[in-house]
Amino acid sequence: MAAAVISVVPLIGLNALLWLHIKANEDRQVEDAAEAIMSQVHGRLDSAMTALISLGVKDVRSCSQENRDHISQAAARAPFSQEIAIVDPEGEVRCSSVGRSRVLREISPQHDTLHPKVTMDVVDHGGDNGPTHIRLAWNYADGSSIRVVIPGSELIPPIIVGKLQSGFLTQLMLADGTLIAGRLSSQDISISESTPRVFEASRGSERYPLAIKISIPSTALLRTYQELFIYGNAGGAVMALFAVLLAWGVSRRIEGPEREIAEGIRKGQFIAYYQPVIDISNGNLLGCEALVRWRKADGTIISPAGFIALAEKSGQIYDITRSVMKRGREDLERVYEGRPELKLSFNLIAGHFASFDVINDVSTVFADSRIRMNQLVFEVTEREELPNIARARVVIARLQELGAQVALDDVGTGHGGLSYLLKLGVDQMKIDKMFVDAIGTDRYSTAIIDSLVRLASEMSMDLVAEGVETQEQVEYLRAKGVRAAQGYIFAPPLPAKAYAALAEAMCPLKQRGQASDAA
Ligand SMILES: Nc1nc2c(ncn2[C@@H]2O[C@H](COP(=O)(O)O[C@H]3[C@@H](O)[C@H](n4cnc5c(=O)[nH]c(N)nc54)O[C@@H]3COP(=O)(O)O)[C@@H](O)[C@H]2O)c(=O)[nH]1
């Protein structure tokens with residue numbers, strides 16, 4: 001959609017600009033052309049009028065040789081006229097400049113001109129579609145007259161000063177609208193009644209009862225400007241493509257990682273690894289913590305450090321958490337079904353405790369699962385501040401109502417401390433690796449572990465030590481009464497198959513059955 005806007009808007013804009021440019025150009029030129037053509041019409045009519053008046057004032061009525069000479073001279077002065085003739089009161093031609101005159105049919109009424117004795121009307125020779133002429137007549141009181149007949153088309157010059165770029169149509173008409181003649185500026189253009197006219201200008205004459213109208217047919221305009229439009233739009237399209245690519249590149253750079261995560265979610269690339277939790281009092285497997293991994297299409301495994309922060313910022317973490325829960329169910333359902341004592345914990349973020357969506361998610365994913373609700377543990381980290389403690393308390397209570405447990409992760413490192421432990425009503429505490437690392441090296445940290453052990457015992461909470469890497473740490477924790485521990489000394493987070501095999505090996509169903517039989 002954005003690409004369409006980025007590409008189409010500049011093209012629309014470009015075409016609008018081209019059109020404005022053409023309009024400004026053609027509007028002005030059509031006006032100028034109308035002016036120029038009217039001035040040439042005047043010139044030709046004036047010479048015909050002058051010739052006619054010169055005959056009239058000489059009282060040329062008979063066909064004497066002298067008058068015939070006058071007529072010839074007048075015809076030479078008005079080269080555009082077709083005929084100059086003396087006509088009797090009955091309308092019969094007595095003599096003319098062309099010898100045998102043709103009969104004329106009146107098309108329009110007679111109009112006055114600026115000269116009181118001269119009238120103007122439109123005539124033709126009576127045939128269909130024949131040429132139309134202007135007749136100027138000097139009228140004597142006895143009803144006879146001298147006439148000058150000018151073909152209408154002769155009044156419209158084929159070439160005009162300040163030529164229009166586009167082909168155009170010029171129409172000459174009487175002031176009352178009677179069409180006298182029309183001329184196309186070029187034989188290359190064709191026009192019909194239905195051809196739309198794009199630009200038009202009209203000019204009325206102040207000397208004769210005439211007007212001219214100039215119009216550019218749309219076909220002629222397109223012909224003139226098609227190259228401009230083609231090249232303009234081709235250039236515009238290249239620029240639009242460039243703009244789209246630029247915008248796409250910028251957006252990819254801005255949205256790249258987020259978009260990649262979204263694609264990863266869609267393609268099911270977020271999977272879970274499982275880190276075993278061991279009972280250090282007897283070496284038994286207690287369960288595991290599901291830890292997300294991004295398995296790219298090429299098989300590369302990306303650790304959470306590479307995407308969790310951005311996923312939290314963009315809100316994509318909620319989809320990722322749902323993916324991890326679904327994976328947990330699919331990966332471990334078969335193994336966990338017969339081993340109800342094994343736990344499976346998931347990491348949640350502070351935002352999960354601000355709404356009840358997570359309750360729906362857990363219910364949906366595990367509702368008809370062979371992993372029971374009481375095998376699930378949800379970890380809330382103390383590193384992030386919970387936005388609404390009261391709401392978090394209710395969300396935790398709802399998870400517990402479903403049968404799951406809730407653990408406070410990274411205890412001692414973050415915001416809540418003792419207050420979270422007291423207010424949230426969690427079931428487990430997880431001692432952060434930072435304090436486990438300090439075992440045997442820093443007496444204050446070990447003092448913290450000692451007090452957490454006491455606190456957990458007094459609050460009847462389970463305690464899990466994280467990041468256990470050495471035998472010394474195991475022994476210290478065991479001596480202090482910590483039962484559950486996870487860390488590289490036992491196993492790193494394992495792919496699903498490896499963890500399932502480990503669980504099957506450490507908790508064989510047969511032995512368990514025999515053991516319970518024996519009990
Ligand atoms: N919201 C979610 N956050 C998640 C999820 N999965 C992981 N995370 C967060 O990413 C943090 C880093 O996780 P990871 O790289 O998987 O590291 C875990 C263990 O691999 C690591 N670990 C465990 N034992 C040891 C050890 O002995 N030594 C050592 N150097 N590292 C060890 O600790 C990480 C587990 O930490 P925790 O979650 O605090 O139990 C991780 O901290 C999460 O915050 C997820 O699905 N959702």
Is any side-chain heavy atom of [Y] closer than 4.5 Å to one of [X]?
{"X": "Arg327", "Y": "Arg293", "value": "no"}
{"X": "Ile86", "Y": "Val93", "value": "no"}
{"X": "Ile261", "Y": "Ile320", "value": "yes"}
{"X": "Trp138", "Y": "Leu55", "value": "no"}
{"X": "Ile180", "Y": "Leu210", "value": "yes"}

task = Ignoring hydrogens and angles, tell me if any N or O in the side chain of Ser108 forms a donor-acceptor pair with the backbone of Val122 under 3.5 Å.
result =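 Flag set: sc Ser108 to bb Val122 pair under 3.5 Å.
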message = With a 3.5 Å distance limit and no angle check, can you tell me whether Arg77 reaches the backbone of Ala51 through a side-chain donor-acceptor pair?
response = no
Is [X] salt-bridged to [Y], cutoff N-O under 4.0 Å?
{"X": "Asp368", "Y": "Arg329", "value": "yes"}
{"X": "Arg383", "Y": "Asp409", "value": "no"}
{"X": "Arg135", "Y": "Glu106", "value": "yes"}

task = Would you indicate whether Arg183, at its atom CZ, is surrounded by more than 12 heavy atoms from other residues, nucleotides or ligands within a distance under 6.0 Å?
result = yes
ask   = More than 12 foreign heavy atoms under 6.0 Å from CZ of Arg102: is that the case here?
value = no
message = For the CG atom of Leu136 and the CD1 atom of Ile150, what is their distance to the nearest 0.5 Å?
response = 4.5 Å
ask   = What's the spacing between Asp121 CG and His133 NE2 if we round to 0.5 Å?
value = 12.0 Å
ask   = Between Asp410 and Thr381, do the side chains contain an N or O donor and an N or O acceptor separated by less than 3.5 Å?
value =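 Result is yes, a qualifying pair exists.
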ask   = Are Asn67 and Ser62 close enough that a side-chain donor and a side-chain acceptor fall under 3.5 Å?
value =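 Looking only at side-chain atoms, Ser62 and Asn67 do form a donor-acceptor pair, the distance falling under 3.5 Å.
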query = side chain to side chain contact (heavy atoms under 4.5 Å, CB included) between Leu376 and Phe346: does it pass, once the steps are laid out?
reply = CA-CA 8 Å; Leu376 302 177; Phe346 295 99; 4.0 Å; yes
message = Aromatic contact between Tyr499 and Tyr273, with the criterion being ring centroids under 6.0 Å apart: yes or no?
response = no
query = Do His352 and Tyr318 have ring centroids that are under 6.0 Å from one another?
reply =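 When the ring centroids of Tyr318 and His352 are compared, they turn out to be within the sub-6.0 Å range.
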query = Where does the angle between the aromatic ring planes of Phe307 and Phe270 fall among parallel (under 30°), tilted (30 to 60°) and perpendicular (over 60°)?
reply = perpendicular
task = Give a yes/no verdict on a cation-pi contact between Arg61 and Tyr140, requiring under 6.0 Å between NZ or CZ and the six-membered ring centre and an angle within 45° of the axis.
result = yes
query = With Thr119, which of Asp112, Thr113, Asn139 fulfils side chain to side chain donor-acceptor pair (under 3.5 Å)?
reply = Asn139
